[in-house]
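First listed ligand is number 1; within each ligand, the first listed atom is number 1. For the numbers below, each heavy atom of this structure counts, side chains included, while hydrogens, waters and symmetry mates do not.
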Amino acid sequence: MKTLLLNKNEIDIAADIIKKGGIVAMPTETVYGLAADALNGEAVAKIFKAKGRPMDNPLIVHISDIKQIDMLVAEFSDKAKKLAEKFWPGPLTIVLPKSDIIPDEVSAGLSTVAIRFPSHPIAHELIAKSSPIAAPSANLSGSPSPTTVRHVLADMDGRIDAIIDGGDCEVGVESTVITLTEDVPTLLRPGGVTLEQLRAEIGEVKVHPAVLKSLGKGMKASSPGMKYKHYSPKAEVILLRGSEQGFCEYIKENSDDKTAVLCYEEEKDSFKNYIVLGKRDDEVAHAHRLFTCLREADEDGYTRIYAHCPRAEGIGLAVYNRILRAAAFNVIEV
Ligand code: TXA
Ligand code: MG
């Protein structure tokens, strides 16, 4: 299949493709998504094929108007309304009991549906001109999520109908996912809206244990995505936890020409092969750059990446959650 490259003035063409049951990569404020008409099960099935995604991993439904929510969910609770009012449009996904209109392909057989109202103007216009849109990140299953058109082309050229170029994505990691379908609201995936912000708005929010740990035997995956390998570049990623000095010494003793260090701007002169994540304390920049850096390491032919263990606070929690998975939970104390 030939993949059309569209610009922001050609959203009508993309909307037509979606209405006819095709699939289109669209920019959002978090990462690029692979969009299909959320109410058309056959179209949604094409997303799973293009990504090589396991069919039991449900998709987020994206809306462009809060009025669309009534037909998609069985219940829009007061807590959900509070979160929606505060954080939508923006990088927050809320899991709610689903209505009967949601195709099985979207919910993967669960009784719930994940809803997100993105703030990106192109995503907004595309949804408004077509339909509520089911969209996972527009990467091949397992790879780092795409934050530029170049990343989308690398994974999806020839596999999808079109890509809309919207430049670089602002946040850089996927939306925060919270479920309101359990006794206590539970964070399933940290993202641009922080745990601290959620708690300030609705009080108690639990953190699902899988956010910072590998799912142990017998542990339930509240979000099916938790159990799959994720965000992995081809290179092996290893996290180093400890002092700055320990970090530098470990790398000096355990590197070769094919090893790169994912480091902070301030320390780059200590290393021969490095990729800069951002300034040390700029966690917003770390989130923005993380997936680009992981892909860059592969493009530059590195086979191993050493990285710092992030702080588990604010948006740092999202960076930590993604890089832990990229590293397959391989953390060395230094
Ligand atoms: O920022 C984002 O959320 C991006 C952009 C494109 O909007 N989308 C995205 O979708 O990251 P995806 O499919 O890559 O990740 C969705 C995550 C998966 O881990 C999935 O298991 C979980 O949300 N999820 C979807 N529906 C769910 C549900 N009903 N219950 C629990 N988890 C759900
Ligand atoms: Mg994804």
Side-chain angles (χ1 to χ4, degrees), residues 23-36 38 44 47-48 50-64 72-74 87-99 102 104-120 122-124 126-127 132-147 151-152 155 164 166 169-182 185-193 208 210-211 215 220-232 287 291 318 321-322 325-326:
I23 54 177
V24 176
M26 65 170 181
T28 81
E29 71 278 22
T30 56
V31 300
Y32 274 79
L34 188 49
V44 171
I47 292 180
F48 286 86
K51 277 182 65 90
R53 181 177 176 109
M55 290 297 290
D56 69 348
N57 195 3
L59 304 182
I60 297 171
V61 177
H62 298 65
I63 58 174
S64 60
L72 301 173
V73 308
F87 299 111
W88 282 355
L92 177 68
T93 296
I94 309 176
V95 177
L96 295 163
K98 76 175 189 78
S99 77
I102 304 291
D104 282 343
E105 288 84 354
V106 170
S107 56
L110 300 178
S111 59
T112 56
V113 63
I115 310 276
R116 163 158 141 71
F117 187 155
S119 63
H120 196 291
I122 292 179
H124 184 94
L126 182 62
I127 301 164
I133 275 176
S137 47
N139 51 285
L140 288 172
S141 198
S143 295
S145 296
T147 56
H151 299 161
V152 179
D155 281 18
I164 312 174
C169 300
E170 189 188 330
V171 181
V173 291
E174 309 84 345
S175 63
T176 304
V177 181
I178 186 172
T179 179
L180 299 182
T181 61
E182 294 168 15
T186 303
L187 180 74
L188 300 179
R189 181 176 73 184
V193 171
H208 194 284
V211 165
L215 265 181
K220 189 175 151 255
S222 297
S223 205
M226 287 170 167
K227 63 184 191 218
Y228 295 109
K229 189 170 173 320
H230 255 119
Y231 317 118
S232 305
F291 290 142
N321 167 271
R322 304 309 190 277
R325 280 165 174 74

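- Scanning the protein heavy atoms around atom 19 (O) of ligand 1, the nearest turns out to be Gly225 CA, 3.5 Å.
- Counting only heavy atoms of the protein, atom 5 (C) of ligand 1 lies nearest to Thr30 OG1, 3.7 Å.
- Formation of a donor-acceptor pair under 3.5 Å by the Tyr32 side chain with backbone atoms of Gly166 is found in this model.
- Remark: ligand 1 atoms within the under-4.0 Å shell around heavy atoms of Ala114 are 25 (C), 26 (N), 27 (C), 29 (N).
- Counting protein heavy atoms only, atom 3 (O) of ligand 1 is closest to Ser175 OG, 2.5 Å.
- Look at His62 and you'll find a heavy atom under 4.0 Å from some atom of ligand 1.
- Because the distance cut-off is set at 2.8 Å, Ser137 qualifies as a neighbour of the Mg ion (ligand 2) through one of its N, O or S atoms.
- When all heavy atoms are compared, the tightest approach of Leu140 to Asp155 is N-OD2, 2.8 Å.
- A side-chain donor-acceptor contact under 3.5 Å links Thr176 to the backbone of Gly191.
- Residue contacts with ligand 1 for Arg53 involve side-chain atoms from C-beta outward but no N, CA, C or O (heavy atoms, distance under 4.0 Å).
- For atom 21 (O) of ligand 1, the closest non-hydrogen atom on the protein side is Asn57 OD1, 2.6 Å.
- Protein heavy atom nearest atom 17 (C) of ligand 1, with residue, atom name and distance: Arg189 NH1, 3.6 Å.
- Annotation: atom 27 (C) of ligand 1 to nearest protein heavy atom, Pro58 CG, 3.4 Å.
- Across every non-hydrogen atom of Val211 and Leu187, the tightest pair is CG2-O, 3.7 Å.
- Taking only nitrogen or oxygen atoms, main chain and side chain alike, Thr112 reaches within less than 3.5 Å of ligand 1.
- Side-chain contact check for Arg116 and Thr28: at least one donor-acceptor pair (N or O, by modelled atom type) lies under 3.5 Å.
- In terms of N/O distances under 3.5 Å, ligand 1 is not approached by Thr28.
- Considering all non-hydrogen atoms of both residues, Ala38 and Val106 come closest at O-CG2, 3.5 Å.
- Gly33 CA, 3.4 Å is the protein heavy atom nearest to atom 6 (C) of ligand 1.
- Protein heavy atom at the shortest distance from atom 22 (C) of ligand 1 is Ser223 OG, 3.1 Å.
- Heavy atoms of Thr179 stay at 4.0 angstrom or farther from ligand 1.
- Taking every heavy atom of both residues into account, Ile133 and Ala35 meet most closely at CG2-CB, 3.4 Å.
- Look at Ala135 and you'll find a heavy atom under 4.0 Å from some atom of ligand 1.
- Of all heavy-atom pairs between Leu110 and Pro58, the closest is CD1-CG, 3.9 Å.
- Within the 4.0 Å heavy-atom criterion, neither part of Lys98 lies near ligand 1.
- Scanning both residues, Phe291 and Arg322, for their nearest heavy atoms gives CZ-CG, 4.0 Å.
- With Thr93 as the fixed residue, the side chain to side chain contact (heavy atoms under 4.5 Å, CB included) test singles out one of Ser175, Pro118, Ser223: Ser175.
- Nearest to atom 14 (O) of ligand 1 by heavy-atom distance, out of Pro27, Ser137, Ser111, is Ser137.
- Across Lys51, Arg53, His151, a single residue satisfies side chain to side chain contact (heavy atoms under 4.5 Å, CB included) together with Asn139, and that is Lys51.
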